[in-house]
Amino acid sequence: MSDSSSPQTPASGEPTDEPRRNFIYAFASVVIGGMIGAIPALLGLFSFLNPLKGKRKIPTAYAEAGESAAPDMVRVCSLDALAENGSPQRFPVIDNQIDAWNFTPDQPVGSLYIQRMSGDDLRVFNTTCPHAGCSVSCDGKTYNCPCHNSAFNLDGSKLTADSGRENPSPRDLDSLDFNIQDGYVWVKFQNFYTGREHKEAKQ
Ligand code: FES
């Protein structure tokens with residue numbers, strides 16, 4: 001009488017490969033099932049991380065104001081608002097803030113001084129003191145920092161020690177690039193590292 005509990009042994013009496021085949025099938029099922037299950041998770045992870053690599057986009061409703069100048073320029077004021085040979089005027093800088101995931105329109109990002117010499121000849125400076133980041137003011141003759149007495153000429157150059165005043169600033173005031181377009185002053189507003197001899201923009 002044959003033993004039904006030993007199906008692996010064929011009539012010939014030799015063992016079969018069936019247990020190994022079953023194991024391979026089960027293993028392949030787990031691997032393939034895992035791969036299929038991982039695809040949605042990978043797609044989700046990709047779409048989550050993609051903004052970090054992608055180009056930051058300004059929503060259409062806010063893009064129009066930036067279309068007439070370079071995208072990194074901010075419109076500050078009309079040229080007519082600046083008197084020729086006038087004193088420097090201070091302006092807040094309002095810009096859209098964009099990071100990988102968020103767009104926040106019309107945020108205060110700093111301030112600047114503009115002095116119009118004549119025509120399109122302007123001097124534009126970031127108001128941040130290059131020494132340690134306080135905000136400079138202007139009395140019409142010089143720029144002055146209230147924190148540690150740095151002072152600057154109206155052309156942005158450091159007042160020298162022989163002016164009778166200690167000046168801890170490591171460099172001149174930080175000038176900003178600008179252009180005039182359609183009667184408006186557009187400025188490439190940047191903040192710079194303080195305490196350094198050379199001007200280096202923060203990213
Ligand atoms: S921060 Fe302006 S002098 Fe120190």
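No experiment lies behind these values; they were computed from the predicted model shown.
Between atom CZ of residue R20 and atom CZ of residue F27 there is a gap of 15.0 Å, rounded to the nearest 0.5 Å. Taking CG of D120 as the reference point, atom CZ of F178 lies at 7.5 Å (rounded to 0.5 Å). Of the inter-residue distances, the one linking Y184 atom OH with D80 atom CG reads 9.5 Å to the nearest 0.5 angstrom. D95 contributes atom CG, which lies 11.0 Å from atom OG1 of T104 (distance to the nearest 0.5 angstrom). Atom CG of D172 is separated from atom CD of E197 by 10.5 Å, given to the nearest 0.5 angstrom. Distance OG/S175 to CD/Q190: 9.5 Å, rounded to 0.5 Å.
Summarising the local packing, CD of E84 is surrounded by more than 12 heavy atoms from other residues, nucleotides or ligands at distances under 6.0 Å.
With hydrogens and angles ignored, the 3.5 Å screen pairs no side-chain donor or acceptor of K199 with any backbone N or O of P130. Remark: side-chain polar atoms of N167 are paired, donor with acceptor, to backbone N or O of L159 under 3.5 angstrom. Side-chain atoms of N126 come within 3.5 Å of backbone atoms of T128 as a donor-acceptor pair (strictly under, hydrogens ignored). When atom types are taken as modelled, the side chain of R116 and the backbone of L79 share a donor-acceptor pair closer than 3.5 angstrom. Between the side chain of R171 and the main chain of R196, a donor-acceptor pair closer than 3.5 Å is present.
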CA sep, side-chain torsions, deciding dist, call: L154, C138, side-chain contact (heavy atoms from CB on, under 4.5 Å): CA-CA 9 Å; L154 291 184; C138 184; 3.8 Å; yes
Just do the side-chain contact (heavy atoms from CB on, under 4.5 Å) check on I180 and L122 with the steps written out, would you? CA-CA 10 Å; I180 314 287; L122 309 181; 3.7 Å; yes
Disulfide bond (SG atoms under 2.5 Å apart) for C129 and C147? Distances and angles first, verdict last. CA-CA 9 Å; C129 176; C147 291; over 6 Å; no
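Residues V136 and V109 do not share a hydrophobic cluster, defined by chaining ILVMFWY side chains whose heavy atoms lie under 4.5 Å apart. Grouping the Ile, Leu, Val, Met, Phe, Trp and Tyr side chains by contacts below 4.5 angstrom, directly or via other members, places I94 apart from F189. Cluster membership check: V31 does not share its hydrophobic cluster with I39, using side-chain heavy-atom separations under 4.5 Å among Ile, Leu, Val, Met, Phe, Trp and Tyr.
The side-chain hydrogen bond (donor to acceptor under 3.5 Å, both in side chains) check on S169 picks up nothing, with sequence neighbours excluded.
Side-chain contact between S111 and R90 is present, with at least one heavy-atom pair separated by less than 4.5 Å. Between P108 and P92, every side-chain heavy-atom pair lies at or beyond the 4.5 Å cut-off. Under the 4.5 Å side-chain criterion, counting only non-hydrogen atoms from C-beta, V187 is not in contact with D177. In this structure the side chain of V124 never reaches within 4.5 angstrom of the side chain of F91, judged on heavy atoms. A 4.5 Å side-chain heavy-atom check between H131 and P170 finds at least one atom pair inside the cut-off.
For the side chain to side chain contact (heavy atoms under 4.5 Å, CB included) with V74, the lone residue among L112, V93, N96 that qualifies is V93. Checked options F152, Y113, Y143, F192; the residue passing with F125 is Y143 (criterion: ring pair (Phe, Tyr, Trp, His ring centres under 6.0 Å)).
Of all heavy-atom pairs spanning I114 and C77, the tightest one is CD1-SG, 4.2 Å. The two residues G140 and S87 make their nearest non-hydrogen contact at CA-OG, 4.1 Å.
A donor-acceptor pair shorter than 3.5 Å can be found between the side chains of D155 and S157. Under 3.5 Å, the side chains of T142 and N144 contain a donor-acceptor pair of N or O atoms.
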